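Accompanying notes for the structure given below.
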Amino acid sequence: MVSSGKYLVVIAGPTAVGKTGVAIELAKAWKSEIISADSRQFYHEMSIGTAKPDLQQLNEVKHHFVGHISIHDYFNVSKFENEVLVLLTGLFARHNIVFMVGGSGLYIDAVCRGIDDFPDPEPELRAYLKGVFVDEGVAKLQEMLSNLDPEYYSTVDIQNPNRLLRALEVCLTTGKKFSEQRSNTSKDRNFSIVKIGLNIPRPELVTRIEARVDQMVENGLVDEVRSLLAYRHLNALNTVGYKEIFDFLDSKITLPQAIENIKTSTRRYAKRQMTWFKRTDDYTWFDPGHVNEITSYLTRICK
RNA sequence: GGUGUCGUAGCUCAGUUGGUAGAGCAACGGACUGAAAAUCCGUGUGUCACUGGUUCAAUUCCAGUCGACACCA
């Protein structure tokens, strides 16, 4: 990390913990802007179910990567890394501190540490490999990968078709082993990074999640999902809050059941997020209700 | 009121020809390099409704009690 006087302040934490509000307060205090690192708030068609900042909040502080693409667009974590870095160059010309807020651990890490420079997936190859999986099962993918890249095969989660598919994609498009091309090193950034984690006791988080889901339904989640029914096959809609309402619209379950399922899925998502953020000890943790503590911490750290 | 069926994990339910029990979901823990709100892995947390009886041994068999449901009055 280079001491440039420029700081990217990451604000992470489980869904519904209160990241949006804290980030807006901080960004206002520093008269700065916010980059979202929420992989589902990118899509402009999805608002209620992704708990995007509302119009008033968006007017208070300039946000980036909120509704900037369509569910029909192809987007991925590498594009995010590249686009954020370009954006940051501009933002750091005007601000010493820029905030990045979100719950998508992989996307945050891509900006902070970088990811390796693999080719983008080729749709035809991905479709082919998916067909192999559907027709011949995960065992066939395992067999293919154990031939092409035994090193990666020995460490990868071999029951996970997504992981196998991606490794195979890279091996087949580059003609080289996936494992050989993974650097396991962080890219240098010309700004410093401060990571703030927000969390509250689990029972309180569960209460907040349940209240927020109820609020989404009151705000018209069902109508939003219904308007996207025709696009349910798109990856963007493989999302908590949408999948469950699709089941309701299919008459597979009742609306109350769908709402319960959303709450359950959201709790489980929050758990996975925390597993990611706890993996390293580079987050400093705060209660989202104590913004003054975060402010004084940042004042002390960012010089 | 009578008859029948049922009562097992947080939930839905299996099961034990008598040797204190196991699936799915939830929950808890974990992984994670272009699908990541995705995807995947691990862990059983239990007075087998209650009280007696028979038995070396009862969650299992018997009786009673309570509760649920169904049918008959």
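Proteins come first, then strands; the chains are lettered A, B, ... in the order of their sequence lines, and each starts at number 1. Fair warning: this is a prediction, and the values are worked out from it, not measured in the lab.
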Original post:
A:D120 and A:K79: salt bridge (charged side-chain N to carboxylate O under 4.0 Å, His left out), yes or no, with the steps?
Top reply: CA-CA 9 Å; A:D120 271 346; A:K79 292 178 188 293; 3.8 Å; yes
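The shortest distance between the side-chain N/O atoms of A:T275 and the OP1/OP2 oxygens of B:rG30 is below 4.0 Å. A sub-4.0 Å separation between OP1 or OP2 of B:rA38 and a side-chain N or O of A:R272 is present. Between A:R166 and B:rU33 there is no side-chain polar atom (N or O) within less than 4.0 angstrom of OP1 or OP2. Phosphate contact (OP1/OP2 of B:rU39, side-chain N/O of A:K243, threshold under 4.0 Å): present. A:Y107 has no side-chain polar atom (N or O) that falls below the 4.0 Å cut-off from OP1 or OP2 of B:rU33. For B:rU39, one of the phosphate oxygens OP1 or OP2 lies less than 4.0 angstrom from a side-chain nitrogen or oxygen of A:N238.
Counting to the nearest Å, the C1' atom of B:rA35 and the CE atom of A:M46 are 13 Å from each other. Per the geometry, CZ belonging to A:R163 stands 11 Å off C1' belonging to B:rA35, to the nearest Å. One can place NZ of A:K278 at 9 Å from C1' of B:rG30, the figure rounded to the nearest angstrom. Atom pair A:I71:CD1 and B:rA38:P shows a separation of 17 Å (rounding to whole Å applied). Put simply, CZ on A:F118 is 17 Å from P on B:rA36, counting in whole angstrom units. Taking atom NZ of residue A:K130 and atom P of nucleotide B:rA35, one finds them 11 Å apart after rounding to whole Å. Put simply, CZ on A:R113 is 11 Å from C1' on B:rC32, counting in whole angstrom units. With rounding to whole Å, A:Y269 atom OH is found 17 Å from B:rC32 atom P.
B:rG52 and B:rU12: their C1' atoms are spaced 32 Å apart (whole Å). One P atom belongs to B:rC72, the other to B:rU39, and the distance between them is 49 Å to the nearest Å. Only the C1' atoms considered, B:rU5 is 16 Å distant from B:rA49, to the nearest whole Å. Only the C1' atoms considered, B:rC13 is 15 Å distant from B:rG46, to the nearest whole Å. The same atom, P, is picked in B:rC6 and in B:rG22; the two are 23 Å apart, to the nearest Å. Taking the C1' atom of each, B:rC61 and B:rC48 are spaced 15 Å apart, rounded to whole Å. Annotation: B:rG4 and B:rU55 have their C1' atoms spaced 29 Å apart (nearest Å). B:rU59 and B:rA21 are spaced 8 Å apart, taking the C1' atom of each and rounding to whole Å.
A side-chain donor from one of A:Y269 and A:Q273 sits under 3.5 Å from a side-chain acceptor of the other. In this structure, a donor-acceptor pair under 3.5 Å is present between the side chains of A:S265 and A:E244. In this model, no donor atom of one side chain and acceptor atom of the other lie less than 3.5 Å apart for A:Y43 and A:T50. Under the 3.5 Å distance criterion, with hydrogens and angles disregarded, no donor-acceptor pair is assigned to the side chains of A:S179 and A:R182. For A:T173 and A:E122, the side-chain atoms include no donor-acceptor pair closer than 3.5 Å. Looking only at atom types and distance, the side chain of A:T266 has no donor-acceptor partner in the side chain of A:R212 under 3.5 Å away.
Contact annotation for A:R126: base contact, defined as any heavy-atom pair under 4.0 Å involving a base atom. Note on A:N261: nothing from the nucleic acid sits closer than 4.0 angstrom, heavy atoms only. Across all strands shown, A:G241 has no heavy atoms under 4.0 Å from either base or sugar-phosphate atoms. At the heavy-atom level, A:Y74 lies under 4.0 Å from the strands shown only through sugar-phosphate atoms. Nucleic acid contact for A:T50: base, since at least one base atom lies under 4.0 Å from a heavy atom of the residue. Contacts of A:T239 with the nucleic acid, taken as non-hydrogen atoms under 4.0 Å apart, include base atoms. Across all strands shown, A:L165 has heavy atoms under 4.0 Å from base atoms, whether or not it also approaches the sugar-phosphate.
Proximity of A:L172 to A:L148: side-chain heavy atoms (C-beta onward) are separated by under 4.5 Å at one or more points.
Comparing A:R202 and A:A51 by the nucleotide of RNA chain B whose heavy atom lies nearest to each, the residue mapping closer to the 5' end is A:R202. Residue A:R182 is the one, among A:D157 and A:R182, whose nearest nucleotide of RNA chain B lies closer to the 5' end (criterion: closest heavy atom).
The nucleotide whose nearest atom lies closest to any side-chain atom of A:R279 is, among B:rA38, B:rG34, B:rA31, B:rA31. Taking every side-chain heavy atom of A:P121 into account, B:rG34 is the closest of B:rU39, B:rG34, B:rC32. Here the nucleotide nearest the side chain of A:R40, chosen from B:rA27, B:rC40, B:rA36, is B:rA36.
At distances below 3.5 Å, at least one donor-acceptor pair connects side-chain atoms of A:D149 with backbone N or O atoms of A:Y152.
The hydrophobic clustering, which links ILVMFWY residues whose side-chain heavy atoms are closer than 4.5 Å, places A:V240 and A:M46 together.
Judged by distance alone with a 3.5 Å cut-off, no donor-acceptor contact links the side chain of A:N162 to the base of B:rU39.
Base orientation at B:rG64 is anti, since its O4'-C1' glycosidic dihedral falls outside 90° of 0.
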**OP:** Would you write the dot-bracket representation of RNA chain B, where each base gets (, ), [, ], | or . depending on whether it forms a Watson-Crick or G-U pair under 3.5 Å and with which partner?
**Re:** (((((((..((((.....[..)))).(((((.......))))).....(((((..]....)))))))))))).
